[in-house]
2 protein chains.
Amino acid sequence: MVTIGDVARVAGVSRSTASYALSGKRTISPAVVQRVLDAVDELGYTPNAGARALATSQTKVIGLLGRFLSDEFAPAMLQYILGVTNRAGELGYDTLLVSEEDGVNALKRLSTSRMVDGFVLLNVAEHDDRLGFLREALQPGATVGLPEQCDGIDVFDLDFVASGRIMVDAMADAGHRELILVSQPEHVVARGGAYVWRLADGAQARADERGIELHRYFGASSQPAIGEDLNRYLDTHPGATGLLLNNEAAAAALPSVLAARGLSSPADISVLGRYSDDFARTFSLPFSAVDSAADELGRRAVEQLVARIEGDPAGAAPHLVELIPPTIHDRGSIAPPPASRG
Amino acid sequence: MVTIGDVARVAGVSRSTASYALSGKRTISPAVVQRVLDAVDELGYTPNAGARALATSQTKVIGLLGRFLSDEFAPAMLQYILGVTNRAGELGYDTLLVSEEDGVNALKRLSTSRMVDGFVLLNVAEHDDRLGFLREALQPGATVGLPEQCDGIDVFDLDFVASGRIMVDAMADAGHRELILVSQPEHVVARGGAYVWRLADGAQARADERGIELHRYFGASSQPAIGEDLNRYLDTHPGATGLLLNNEAAAAALPSVLAARGLSSPADISVLGRYSDDFARTFSLPFSAVDSAADELGRRAVEQLVARIEGDPAGAAPHLVELIPPTIHDRGSIAPPPASRG
DNA sequence: CACCTGTATCGAACCGGTTCGACTCGACGC
DNA sequence: GCGTCGAGTCGAACCGGTTCGATACAGGTG
């Protein structure tokens, strides 16, 4: 393998001069720099990552810790992952992906062995056992998902409270007065998926303000249970004219449920979901939805992480808690309720 | 940070003795080994990955190169990825995930900088530009996906020819005589997705053998186009009683297409797909399908890669081309055709 | 008792980079 | 004509592991 020593020899200079010529950290005469660059080209030199990491204590790798739960909509995770890896690549970092069950252990291993310069944690729960260690680690960390305690880390998440509000607003503005909100199953909440509450509470608060009747349910996370759930909700509340979905399985199941009931959207019922654009595209869901902005969240987390890695350790910037504002992707599934139409 | 020098000092031995005590590569007295282990515990020592990589030329990291195409069903990739990362973890390796557009460049970078011990390539096309470099790289490589030239690498893929055969067999055994096969769109084939042809050819050959009429189509890869395609195929071939799907979008769209036509499966039409179990579960697709075995393929690729990394470089084992046999996951969507029933 | 063998340990070198301090040399000022 | 300065370069040390060769010492053998 070709080392910087080989480059130096071919260029006729010392190893240190070759190093400085490449890094530019000291002034080296243009002629020598050119000879070194030529030698690099000629030999096809690439620095050895391990040696550089050892010398500089910088690996140019970030650790990405997922939490892949079989009862969640796993494929959606890919969007977050790609957001992270793509942005990291643009910033000159590679990404080590860890899917290991025991996230705390993985975190410790990568941290103490100095394999990475920082961490991005995905799918962070309200009380996440990985955070305790992360705060004490030598490397900085950023999360996608809002934990209860945010000190010492940079936090990124969708603003779920605002999401709940604008979902109710969108329906109320169209004239709806009675809505059904289908959330994720209760065990997602129990596991720390606080976003379920955050969205529901935001929706409830806004519904109260505007005098809207809101029926809240936890739906199942898979077929056929969720299909039955949806039918039951619709049977129970015949006066409801709008359906809010914070549950991917419900969104996927709804087209056939509506078809079976002989309903169509938005003519008979207005629908507004909360899922990623990618999810909608793949399954051609015809419903407007608050975008989960997976890609953007992943990108923002990496950007902030890299800023902290490369930033002045002395004047450490205060930690962020960034809740990105929700946007509705309009697919035309909201219209005034049937009764109000001429 | 705590180094092996610290451990040695606390244990009262030299650095080399501490190293041997931990690696077991030379005999060290039990008493000393214990003192070293105690020191490790006391200080919380973990070897520095960069230093170890430099000294041993082994990083214990494998590079995973995806190819994420926006017009393919991206979320399915996650199953392959998790198969790789999970199995790698079990074998003591971490995984560097690269999503970079320019796969060749990424491969070169990771290879020449010695960041990884080997590569797993996903979504490998028939003529994949990454393979040329991979063959010449210092590190071994395994692919998921069958290229035309397999020399110098280990190749894993689903046996698509056999898949085509058993799909036709399953229908023929149930008494069907006229089938429609909906494949991926033609541009997937053009890009090198040879599995489309492999499955179709296997199906055609078996259909010819058994005197079955097979109508072959390339369907669109998204709604609403694929829905219209499906309706057209069904209109064109009113005598067809069985539907074979090698197209995820078609599978996702079929339930609503059938509902709209007032058909149900398997009473009116038998359906057999080819997609992952995970895909079926997530979207509650009620159709039997040949499983794409993403998880298993990822795991097998890693196992073989690690065997090659750690294997005797002298007696290099011959390279594998492993096509794993298809299995049908029965979800009850195949029944005898209506006409044949009493 | 000299000799050999095997066990247990140590010191030094090495992996391939980066970085610090010192040195040379020419230009410049007085 | 001597001291100063800055540009350009070199040698050596260092990062934190692993590994080779040498050494010390114990026990067994003739």
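Just so we're on the same page: letters track the sequence lines, and every chain starts at 1.
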ask   = If you check the B:Thr17 side chain, which of C:dA13, C:dT9, D:dA7 turns out closest?
value = C:dT9
message = Let's see if you can work this out: which of C:dG17, D:dT18, C:dT9 has an atom nearest to the side-chain heavy atoms of B:Ile28?
response = C:dT9
Mind checking [X] for me? I need base, sugar-phosphate or nothing, with any heavy atom below 4.0 Å counting as a touch.
{"X": "B:Thr56", "result": "sugar-phosphate"}
{"X": "A:Ser113", "result": "nothing"}
{"X": "B:Ser29", "result": "sugar-phosphate"}
{"X": "B:Ser14", "result": "base"}
{"X": "B:Thr3", "result": "sugar-phosphate"}

Rounded to the nearest angstrom, tell me the gap between atom [atom1] in [X] and atom [atom2] in [N].
{"X": "B:Asp6", "N": "D:dC15", "atom1": "CG", "atom2": "C1'", "answer": "13 Å"}
{"X": "A:Leu54", "N": "C:dG17", "atom1": "CG", "atom2": "C1'", "answer": "8 Å"}
{"X": "A:Arg35", "N": "D:dC10", "atom1": "CZ", "atom2": "C1'", "answer": "14 Å"}
{"X": "B:Met115", "N": "C:dC15", "atom1": "CE", "atom2": "P", "answer": "22 Å"}
{"X": "B:Ile4", "N": "C:dT9", "atom1": "CD1", "atom2": "P", "answer": "15 Å"}
{"X": "A:Arg9", "N": "D:dG11", "atom1": "CZ", "atom2": "P", "answer": "15 Å"}
{"X": "A:Asn48", "N": "C:dT18", "atom1": "CG", "atom2": "P", "answer": "10 Å"}
{"X": "B:Leu22", "N": "D:dG17", "atom1": "CG", "atom2": "P", "answer": "10 Å"}

Does [N] have its OP1 or OP2 closer than 4.0 Å to a side-chain nitrogen or oxygen of [X]?
{"X": "B:Lys25", "N": "D:dT19", "result": "yes"}
{"X": "A:Tyr45", "N": "C:dG16", "result": "no"}
{"X": "A:Thr27", "N": "D:dG8", "result": "yes"}
{"X": "A:Ser19", "N": "C:dT18", "result": "yes"}

key: Pair A:Lys60-A:Glu310, salt bridge (charged side-chain N to carboxylate O under 4.0 Å, His left out): steps then yes or no   = CA-CA 10 Å; A:Lys60 288 287 182 179; A:Glu310 300 182 347; 3.3 Å; yes
request  = Answer yes or no: is there a donor N or O on one side and an acceptor on the other, between the side chain of A:Asp6 and the main chain of A:Thr3, under 3.5 Å?
outcome  =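 Looks like yes, one N/O pair under 3.5 Å.
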query = Do A:Arg191 side-chain atoms and A:Ala125 backbone N/O form a donor-acceptor pair below 3.5 Å?
reply =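 No; zero donor-acceptor contacts below 3.5 Å.
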query = Which comes earlier along DNA chain D counting from the 5' end, the contact point of A:Ala55 or that of A:Ser16, where each point is its nearest nucleotide?
reply =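 It is A:Ser16, whose closest nucleotide lies nearer the 5' terminus.
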Less than 3.5 Å between a donor and an acceptor, one on the side chain of [X] and one on the base of [N], is that the case here?
{"X": "A:Arg15", "N": "D:dG11", "answer": "no"}
{"X": "B:Arg26", "N": "C:dT9", "answer": "yes"}
{"X": "A:Arg52", "N": "C:dG16", "answer": "no"}

Residue pair B:Arg87, B:Glu90: steps toward the salt bridge (charged side-chain N to carboxylate O under 4.0 Å, His left out) verdict = CA-CA 5 Å; B:Arg87 187 71 185 124; B:Glu90 290 165 14; 2.5 Å; yes
